[in-house]
Amino acid sequence: HGSTLEVEIDRLLRHFATVAMFWKSSLLSVNDTLPIKYHVIRIVGDPEVRKYIDFVNSWAQMQNVEGHPYVALVELFEAYQ
(Lines give C-alpha, C1' and ligand atoms only; values in the text may rest on other atoms or scores of the structure.)
Protein backbone atom coordinates (compact mmCIF):
# COMPACT_ATOMS: atom_id res chain seq x y z
CA HIS A 1 0.00 0.00 0.00
CA GLY A 2 1.42 3.38 -1.00
CA SER A 3 4.15 1.92 -3.21
CA THR A 4 5.56 4.01 -6.02
CA LEU A 5 3.74 1.82 -8.54
CA GLU A 6 0.42 2.20 -6.73
CA VAL A 7 0.81 5.98 -6.61
CA GLU A 8 1.60 6.09 -10.33
CA ILE A 9 -1.34 3.82 -11.23
CA ASP A 10 -3.67 5.86 -9.05
CA ARG A 11 -2.52 9.08 -10.72
CA LEU A 12 -3.09 7.57 -14.16
CA LEU A 13 -6.52 6.27 -13.20
CA ARG A 14 -7.51 9.70 -11.85
CA HIS A 15 -6.70 11.35 -15.18
CA PHE A 16 -8.82 8.87 -17.12
CA ALA A 17 -11.56 8.96 -14.47
CA THR A 18 -11.81 12.73 -14.93
CA VAL A 19 -12.52 12.23 -18.63
CA ALA A 20 -15.00 9.48 -17.74
CA MET A 21 -16.84 11.82 -15.37
CA PHE A 22 -17.10 14.41 -18.16
CA TRP A 23 -18.59 11.68 -20.36
CA LYS A 24 -20.98 10.56 -17.61
CA SER A 25 -22.10 14.18 -17.14
CA SER A 26 -22.81 14.38 -20.91
CA LEU A 27 -20.12 17.00 -21.41
CA LEU A 28 -18.39 14.54 -23.74
CA SER A 29 -19.77 11.85 -25.99
CA VAL A 30 -18.23 8.40 -26.34
CA ASN A 31 -16.89 9.59 -29.70
CA ASP A 32 -15.17 12.50 -27.94
CA THR A 33 -13.32 10.00 -25.74
CA LEU A 34 -12.14 7.74 -28.56
CA PRO A 35 -8.56 9.10 -28.48
CA ILE A 36 -8.12 7.45 -25.06
CA LYS A 37 -10.16 4.31 -25.77
CA TYR A 38 -7.13 2.06 -26.30
CA HIS A 39 -5.56 3.18 -23.04
CA VAL A 40 -8.77 2.82 -21.03
CA ILE A 41 -9.35 -0.68 -22.39
CA ARG A 42 -5.76 -1.75 -21.68
CA ILE A 43 -5.66 -0.25 -18.20
CA VAL A 44 -9.14 -1.01 -16.88
CA GLY A 45 -9.11 -4.40 -18.59
CA ASP A 46 -5.98 -5.45 -16.70
CA PRO A 47 -7.05 -7.92 -13.98
CA GLU A 48 -4.67 -6.49 -11.35
CA VAL A 49 -5.73 -2.91 -12.04
CA ARG A 50 -9.36 -4.02 -11.91
CA LYS A 51 -8.75 -5.57 -8.47
CA TYR A 52 -7.29 -2.24 -7.35
CA ILE A 53 -10.28 -0.31 -8.73
CA ASP A 54 -12.67 -2.71 -6.98
CA PHE A 55 -10.73 -2.30 -3.73
CA VAL A 56 -10.83 1.51 -3.93
CA ASN A 57 -14.55 1.47 -4.76
CA SER A 58 -15.34 -0.86 -1.85
CA TRP A 59 -13.25 1.29 0.51
CA ALA A 60 -15.11 4.41 -0.68
CA GLN A 61 -18.44 2.70 -0.02
CA MET A 62 -17.34 1.78 3.51
CA GLN A 63 -16.49 5.44 4.04
CA ASN A 64 -19.95 6.43 2.76
CA VAL A 65 -18.43 8.16 -0.25
CA GLU A 66 -20.83 7.72 -3.12
CA GLY A 67 -19.90 7.87 -6.75
CA HIS A 68 -16.13 7.38 -6.60
CA PRO A 69 -14.67 8.58 -9.92
CA TYR A 70 -13.44 5.08 -10.75
CA VAL A 71 -17.07 3.98 -11.09
CA ALA A 72 -17.44 6.34 -14.07
CA LEU A 73 -14.17 5.00 -15.51
CA VAL A 74 -15.43 1.41 -15.36
CA GLU A 75 -18.70 2.51 -16.97
CA LEU A 76 -16.79 4.19 -19.81
CA PHE A 77 -14.74 1.01 -20.22
CA GLU A 78 -17.98 -0.97 -20.46
CA ALA A 79 -19.39 1.52 -22.99
CA TYR A 80 -16.45 0.71 -25.27
CA GLN A 81 -17.28 -3.00 -25.23
Under a 4.0 Å N-O cut-off, is there an ion pair linking D10 with R14? yes
Are W59 and V56 connected in a single hydrophobic cluster, I mean Ile/Leu/Val/Met/Phe/Trp/Tyr linked by side-chain heavy atoms less than 4.5 Å apart? no
Classify the angle between the aromatic ring planes of F55 and Y52 as parallel (below 30°), tilted (30 to 60°) or perpendicular (above 60°). tilted
Please answer: with hydrophobic residues joined when any side-chain heavy atoms are less than 4.5 Å apart, are Y38 and I43 in the same cluster? no
Under 4.5 Å between any side-chain heavy atoms of Q81 and I41, yes or no? yes
For a 4.5 angstrom cut-off between non-hydrogen side-chain atoms, does Y80 reach I36? yes
Could you tell me whether F22 atom CZ has more than 12 heavy atoms of other residues or ligands within 6.0 Å of it? no
So which pairs with a foot in residues 16-25 pass side chain to side chain donor-acceptor pair (under 3.5 Å), sequence neighbours left out? K24-E75
If you take all heavy atoms of V40 and F16, which pair is closest and at what distance? CG2-CD2, 4.0 Å
For A17 and P69, work out which heavy atoms get closest and say how close. CB-O, 3.6 Å
Same cluster or not: are V71 and L13 linked, directly or through other Ile, Leu, Val, Met, Phe, Trp or Tyr residues, by side-chain heavy atoms under 4.5 angstrom apart? no
Between L27 and V30, is there shared hydrophobic-cluster membership here, with clusters defined by ILVMFWY side-chain heavy atoms closer than 4.5 Å? yes
Is there a continuous path of hydrophobic side-chain contacts, each under 4.5 Å between heavy atoms, that joins L5 to I53? yes
Can you find a pair of side-chain heavy atoms, one from V74 and one from D54, that are under 4.5 Å apart? no
Of all residues at least two apart in sequence or in a different chain, which pass the salt bridge (Lys or Arg N to Asp or Glu O under 4.0 Å) check with E48? K51
Within the structure provided, determine whether N31 and L34 are in side-chain contact (heavy-atom separation under 4.5 Å). yes
